[in-house]
Amino acid sequence: MIKFLVSIVVISMMCNNANAKKNVKILATGGTIAGKAQELIGYASGQLNIAALIAEIPDIQNHTEISWQQVANIGSQDMGIEIWKTLYMAIEDAKNDNDVLGIVITHGTDTMIDSAFLFDLLFPSGKPLIFVGAMRNADALSPDGPQNLLDAIQVASSVEAKNRGALIVMNSKIITARSAYKQHTAAVETFKISNGSYAGDLHNGKVNFYHDFVRERGNKSIFNFSDIDGISQVAMMSVYPGTSKSYYENALSSVNKALVISGVGNGNFPSSITKNIKETIDSGVIIVRSSKVPEGYVSRNIEINDDQLGTIASLGLSPQKSRILLGLLLKKNMSNSQVQKIFDCEVPTADGSCSTFPN
Ligand code: GLU
């Protein structure tokens, strides 16, 4: 009899669970997904609020409990330290809210990579953290935003999306923030993988992850809220053929804390400025060299002698991502070799070791 009663309770719990609504928190920041056509230009980002975007997804509230916060409503070319800090607080609140299963951040695609990578470093594990946007404005003939938002909500409410860091969901693909880059100015298939493979996809509303590996549960970031300020102190210098030496000299002399070189090939720069770079590093500036080439790695001591010069090789990180990581590291006052070690890690840990996983 007792066995029978226990079975009924378990079965009814399972039924309740199956019917339970998933709780997803949406933090909205604007972008094309919230954009509308304008009279004199094509369209403007950040014109609709998140409530209007959710209203475009039929039935979503029937199986998902959605709450939201309008953090900003901008084109993401205007993203920066202050909004990142507001987002940090909002993400932390959602992470601490037992009713929230996963978090979705709507964002313009121009700088989605920068923000997604920043929050991947700040919140490397735990609840799903999903970035989503659109390439066509909300009132376009065939907008991609509603489907992308629905997909993002579905990934955010999937337990499988936990402990994978920040993910980007666009055009039915799931990509890790660490591996994604934007490769097209207008196509809906705009995000590609710099190294590794897609994390998963969605088909017929089903979330499908290709790999089982996840980050260690409870992986705590070595970074915190106050580290975000450092990002504003990192300059970026692009190199290209035929530029005068004096142009580079001026650019280098204006940097006082940290610099990312957006280099060519394997993070190379013209040999004519090697001496200036050495002097800049000797004056206390940290320099990371990365590459405009979207795929592959920038390795140490290939065409440039990093050991002699004191430069840091970005490995798989693009110039934008290198800038975010270097900025978060500034307050830590690390030696160049310690900074290089962090660039070698996927998830740097407090004891100086790192957890690395395939992308
Ligand atoms: N420049 C805008 C932004 O990043 C539009 C690009 C987009 O959202 O796709 O917000």
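Only this structure's heavy atoms are used, side chains among them; waters, hydrogens and symmetry mates stay out. Atoms within each ligand, like the ligands themselves, are counted from 1 in listed order.
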Asker: Measure the distance from atom 1 (N) of ligand 1 to every protein heavy atom, then report the residue, atom name and distance (to 0.1 Å) of the closest one.
Answerer: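 Answer, as residue, atom name and distance: Asp110 OD2, 2.6 Å.
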
Asker: Using a 4.5 Å cut-off on heavy atoms from C-beta on, say whether the side chain of Ile312 contacts that of Phe343.
Answerer: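 Side chain of Phe343 against side chain of Ile312, heavy atoms only: contact under 4.5 Å found.
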
Asker: Does Lys192 make a cation-pi contact with Tyr181, if we ask for NZ or CZ under 6.0 Å from the ring centre and within 45° of the axis?
Answerer: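 Not satisfied by the 6.0 Å and 45° rule.
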
Asker: Tell me the closest heavy-atom pair linking Thr311 and Asp306, and the distance in Å.
Answerer: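 That would be OG1-OD1, 2.6 Å.
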
Asker: Can we call the ring centroids of Tyr88 and Phe123 under 6.0 Å apart?
Answerer: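 Yes, the ring centres sit under 6.0 Å apart.
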
Asker: Please identify which atoms of ligand 1 are closer than 4.0 Å to at least one heavy atom of Ser45.
Answerer: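 That gives atoms 2 (C), 3 (C), 5 (C), 10 (O) of ligand 1.
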
Asker: Any idea which atoms of ligand 1 are less than 4.0 Å away from a heavy-atom of Gly31?
Answerer: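 Per the distance check, 8 (O), 10 (O).
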
Asker: Kindly say whether His184 contributes a backbone atom to a donor-acceptor pair with the side chain of Glu189 at under 3.5 angstrom?
Answerer: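 Here the side-chain-to-backbone pair does not exist.
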
Asker: Provide the number and element of each atom of ligand 1 under 4.0 Å from a heavy atom of Gln77.
Answerer: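 Answer, ordered by atom number: 1 (N), 2 (C), 3 (C), 4 (O), 10 (O).
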
Asker: Is any side-chain heavy atom of Ile153 closer than 4.5 Å to a side-chain heavy atom of Lys22?
Answerer: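 Ile153 does not reach Lys22 side chain to side chain.
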
Asker: What class does the angle between the rings of Phe131 and Phe119 fall in, given that below 30° is parallel, 30 to 60° is tilted and above 60° is perpendicular?
Answerer: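 Rings of Phe131 and Phe119: parallel, under 30°.
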
Asker: Could you identify the single nearest non-hydrogen protein atom to atom 10 (O) of ligand 1 and state the distance to 0.1 Å?
Answerer: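 Ranking protein heavy atoms by distance from atom 10 (O) of ligand 1, first comes Ser76 N, 2.7 Å.
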
Asker: Can you pull out the closest protein heavy atom to atom 9 (O) of ligand 1? Residue, atom name and distance to 0.1 Å, please.
Answerer: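 Checking every protein heavy atom, the shortest distance to atom 9 (O) of ligand 1 gives Thr109 OG1, 2.4 Å.
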
Asker: List every atom of ligand 1 that sits less than 4.0 Å from any heavy atom of Gly108, numbering the atoms from 1 in the order shown and giving each element.
Answerer: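 It comes down to these atoms of ligand 1: 3 (C), 4 (O), 8 (O), 10 (O).
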
Asker: Just which atoms of ligand 1 are under 4.0 Å from any heavy atom in Thr32?
Answerer: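 Close to Thr32: 5 (C), 6 (C), 7 (C), 8 (O), 9 (O).
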
Asker: Give the numbers and elements of all ligand 1 atoms closer than 4.0 Å to a heavy atom of Ala134.
Answerer: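 Matching atoms, with element in brackets: 7 (C), 8 (O), 9 (O).
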
